[in-house]
Amino acid sequence: MRYQAPKGVSEYYPPRSRSFEWVRQCLLAPIQRAGYQLLELPVFEDTELFTRGVGASTDVVNKEMYTFEDRGSRSITLRPEGTVGALRSVIEHGLDKGSLPAKFYYSGAFFRAERPQAGRYRQFYSVGIEAVGTDDPAIDAEVIAIADAGFRNIGLKQFHLEITSLGDRESRAAHRIDLKKFIAQLSLDEATRNRAEINPLRLFDDKREEVRSAMKAAPVLLDYLSHESKTHFEAVQKYLKVLNIDYVVNPRMVRGLDYYTGTTFEFVHDLLGAQSGIGGGGRYDGLMEEIGGSALTGIGFGLGVDRALLAAEAEGVVDQSAFLGDLCIIPLGDEAKSLALQIAHELRSVSVSVEIAFGDRSVKSGMKSADKSGVKYVIVLGEEELQSGAAELKEMSTGEATSVTLSSLVPTLVTTLTGK
RNA sequence: GUGGGCGUAGCUCAGCUGGUAGAGCACUCGGUUGUGGUCCGAGAUGUCGCGGGUUCGAGCCCCGUCGUUCACCCCA
């Protein structure tokens with residue numbers, strides 16, 4: 001029996017795992033610089049939390065959750081998204097009791113039992129933030145700006161931002177009535193009609209030309225916004241302009257999670273296939289209350305690390321230089337090996353990255369592997385060096401070697417590498 | 001969940017109308033004393049995804065299954 005990973009999971013192993021880690025760190029950096037605090041959360045929760053929070057009618061809850069019974073007959077579900085679990089933790093630990101907004105971020109694996117596809121995995125990785133407790137439109141703009149900064153940090157250029165407002169409860173109810181009326185007089189097939197029944201907005205997202213053109217005349221939610229929602233949305237746009245963030249208003253944008261209200265946005269990459277959304281989010285003004293917390297508003301986003309990596313590869317902007325080592329030591333013989341271990345240990349303690357060529361190999365093969373690993377310097381430690389107390393420090397890019405006494409090796413390397 | 005493509009060495013793939021497997025890259029060793037990136041030589045590596053069927057004989061045909069990929073759907 002040869003074991004394989006479960007169907008549809010994304011796995012990262014060298015050399016690509018480096019790129020993955022780099023992408024994730026790029027996305028995380030602007031979040032951390034904006035004062036968001038880490039939430040390290042469980043990957044599974046009470047099933048009911050998701051059915052309530054995400055919405056019982058959504059596809060995510062209906063057909064995409066990994067749900068099972070644990071040994072205590074509790075219904076458990078692997079988290080399909082991050083917001084609901086984050087808010088559960090906020091409520092449970094009273095993290096919203098201090099000054100507001102309370103700002104959090106998370107990073108980790110999420111699970112949806114979908115049919116795998118390019119950019120769509122059953123276990124995927126997201127980075128997200130949540131800002132709880134203010135409906136100031138300026139924070140909407142900041143949240144969007146943070147996501148944008150993450151993508152730009154990677155070096156992505158070929159993506160665009162779509163925003164809309166889903167309004168408040170009243171706006172949506174009024175729109176829904178008119179939209180249903182409109183859809184009722186269209187001639188649609190069974191499956192499409194059923195979809196429209198569950199969420200009429202879905203039809204805006206249909207990819208078939210006949211549906212698209214039929215929906216052109218459909219009433220759009222933006223025209224139904226209450227005065228409050230409208231001024232909020234206008235303020236968000238004003239701030240985005242101040243921040244020089246390009247966006248397009250897409251009144252037909254559809255989100256798959258029920259909790260979204262008001263400002264809603266999506267980052268779409270132009271070089272990806274059907275799964276082109278690299279990040280998205282929005283306000284969820286009723287959600288805290290819905291899952292048992294106080295009536296606080298909130299906004300957040302989730303960014304797809306897997307897809308951001310795919311996008312980075314598509315644009316050819318993956319940066320790997322940051323991962324190259326500084327030094328490789330090639331020891332010859334047992335005594336040299338002990339010394340190599342000591343030197344490596346000492347250098348690492350002062351932040352020099354050091355590898356040792358293990359395995360009693362020849363100098364030639366040690367050099368080869370050092371070359372392949374892209375290390376900056378190489379030093380051979382054999383009997384000669386042990387006796388003379390000096391070794392050749394060879395710079396791989398130029399091939400030049402300078403003699404260094406072993407006792408001064410550590411300070412010498414630190415100066416040449418850090419330039420201090 | 002629905003539909004199409006694909007599944008041969010670590011990787012990318014070749015294998016003609018069925019006769020029990022090959023290339024390039026990568027890997028290991030060597031090209032005289034302990035120094036890489038080029039070149040040359042040698043070597044190792046596969047239950048041809050898995051199970052069944054047809055056949056004297058299947059990597060090639062048929063069925064199933066698993067995985068993968070693309071699209072629908074959905075979304076990160």
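Here is the naming used below: chain letters follow the sequence lines, and residue numbers restart at 1 for every chain.
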Is a side-chain N or O of [X] found less than 3.5 angstrom from the main chain of [Y], in a donor-acceptor match?
| X | Y | answer |
| --- | --- | --- |
| A:R112 | A:P80 | yes |
| A:R176 | A:N199 | no |
| A:S388 | A:L386 | no |
| A:R307 | A:G279 | no |

Just to be sure I understand the rule, does [X] reach a base, reach only the sugar-phosphate, or reach nothing, if contact means heavy atoms closer than 4.0 Å?
| X | value |
| --- | --- |
| A:A370 | nothing |
| A:S369 | nothing |
| A:K372 | sugar-phosphate |
| A:E384 | base |
| A:Y125 | nothing |
| A:G128 | nothing |

Please pick, from [options], the nucleotide with the shortest atom-to-atom distance to any side-chain atom of [X].
| X | options | value |
| --- | --- | --- |
| A:P116 | B:U68, B:A76, B:C73 | B:U68 |
| A:V380 | B:C27, B:A76, B:U35 | B:U35 |
| A:Q117 | B:G67, B:U28, B:C70 | B:C70 |

Within the pair A:R255 and B:A76, is there a side-chain N or O less than 4.0 Å away from OP1 or OP2?
-> yes

Any side-chain N or O of A:K207 less than 4.0 Å from the OP1 or OP2 oxygen of B:C73?
->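 So the side-chain polar atoms of A:K207 do come within 4.0 Å of the phosphate oxygens OP1 or OP2 of B:C73, strictly under.
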
Is it the case that the side chains of [Y] and [X] hold a donor-acceptor pair, with the cut-off being a distance below 3.5 Å and no angle test?
| X | Y | answer |
| --- | --- | --- |
| A:D270 | A:H160 | yes |
| A:Y125 | A:Q123 | yes |
| A:T164 | A:N250 | no |
| A:D135 | A:T297 | no |
| A:Q237 | A:Y247 | yes |

Rounded to whole angstrom units, what separation is found between the [atom1] atom of [X] and the [atom2] atom of [N]?
| X | N | atom1 | atom2 | value |
| --- | --- | --- | --- | --- |
| A:N62 | B:C73 | CG | P | 17 Å |
| A:K7 | B:G67 | NZ | P | 4 Å |
| A:K63 | B:C73 | NZ | C1' | 6 Å |
| A:R361 | B:C29 | CZ | P | 6 Å |
| A:D206 | B:A71 | CG | C1' | 14 Å |
| A:E114 | B:A71 | CD | P | 14 Å |
| A:D360 | B:G34 | CG | P | 15 Å |
| A:D306 | B:C74 | CG | C1' | 16 Å |

Using the [atom1] atom on both, measure [N] against [M] and round to a whole Å.
| N | M | atom1 | result |
| --- | --- | --- | --- |
| B:G46 | B:G22 | P | 13 Å |
| B:C39 | B:C25 | P | 9 Å |
| B:C56 | B:G64 | C1' | 26 Å |
| B:C73 | B:G24 | P | 46 Å |

Any chance NZ of A:K180 has more than 12 other-residue heavy atoms, nucleotides or ligands included, within less than 6.0 Å?
->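 Atom NZ in A:K180 is packed in, count exceeds 12.
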
Neighbour count above 12 (heavy atom, 6.0 Å) for A:E197 CD |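 12 or below, so no.
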
A:R18 vs A:E21, salt bridge (Lys or Arg N to Asp or Glu O under 4.0 Å): CA-CA, chis, key distance, verdict | CA-CA 5 Å; A:R18 288 178 171 184; A:E21 192 47 43; over 6 Å; no

Distances under 3.5 Å between protein N/O atoms and the N/O atoms of nucleotides 38-45 of chain B, please, pair by pair.
none

Per side chain to side chain contact (heavy atoms under 4.5 Å, CB included), A:F104 is matched among A:I31, A:L95, A:I129 by A:L95

Under 4.0 Å from any atom of RNA chain B, heavy atoms only: list the residues of residues 260-276 of chain A that qualify, in numerical order.
->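 The stretch gives A:G273, A:A274, A:Q275 as the residues lying under 4.0 Å from the strand, ordered by number.
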
Considering only heavy atoms and no angle criterion, is a donor-acceptor pair shorter than 3.5 Å present between the side chain of [X] and the base of [N]?
| X | N | result |
| --- | --- | --- |
| A:D371 | B:G36 | yes |
| A:E64 | B:G1 | no |
| A:R120 | B:C74 | yes |

Once the angle between the rings of A:H175 and A:F204 is folded into 0 to 90°, is it parallel (under 30°), tilted (30 to 60°) or perpendicular (over 60°)?
-> parallel

What would the secondary structure line of RNA chain B be in dot-bracket form, counting Watson-Crick and G-U wobble pairs under 3.5 Å, with [ ] for pairs that cross earlier ones and | for pairs with another strand?
-> (((((((..((((........)))).(((((.......))))).....(((((.......))))))))))))....

All N/O donor-acceptor pairs, side-chain side in residues 285-293 of chain A, below 3.5 Å, sequence neighbours left out:
{"from": "A:D285", "atom 1": "OD1", "to": "A:R283", "atom 2": "NH1", "distance (Å)": "3.0"}
{"from": "A:E290", "atom 1": "OE2", "to": "A:R52", "atom 2": "NH2", "distance (Å)": "3.3"}

Can you give the donor-acceptor pairs under 3.5 Å from side chains of residues 82-93 of chain A to other protein atoms, not counting sequence neighbours?
{"from": "A:T83", "atom 1": "OG1", "to": "A:E130", "atom 2": "OE2", "distance (Å)": "2.9"}
{"from": "A:T83", "atom 1": "OG1", "to": "A:Y259", "atom 2": "OH", "distance (Å)": "3.4"}
{"from": "A:R88", "atom 1": "NE", "to": "A:E92", "atom 2": "OE1", "distance (Å)": "3.2"}
{"from": "A:R88", "atom 1": "NH1", "to": "A:E45", "atom 2": "OE1", "distance (Å)": "3.0"}
{"from": "A:R88", "atom 1": "NH1", "to": "A:E45", "atom 2": "OE2", "distance (Å)": "2.5"}
{"from": "A:R88", "atom 1": "NH2", "to": "A:E92", "atom 2": "OE1", "distance (Å)": "3.3"}
{"from": "A:S89", "atom 1": "OG", "to": "A:H93", "atom 2": "ND1", "distance (Å)": "3.4"}
{"from": "A:H93", "atom 1": "ND1", "to": "A:S89", "atom 2": "O", "distance (Å)": "3.0"}

Could you go over nucleotides 2-4 of chain B and give all protein N or O partners under 3.5 Å, atom names and distances?
{"from": "B:U2", "atom 1": "O4", "to": "A:R115", "atom 2": "NH1", "distance (Å)": "2.7"}
{"from": "B:G3", "atom 1": "O6", "to": "A:R115", "atom 2": "NH2", "distance (Å)": "3.4"}

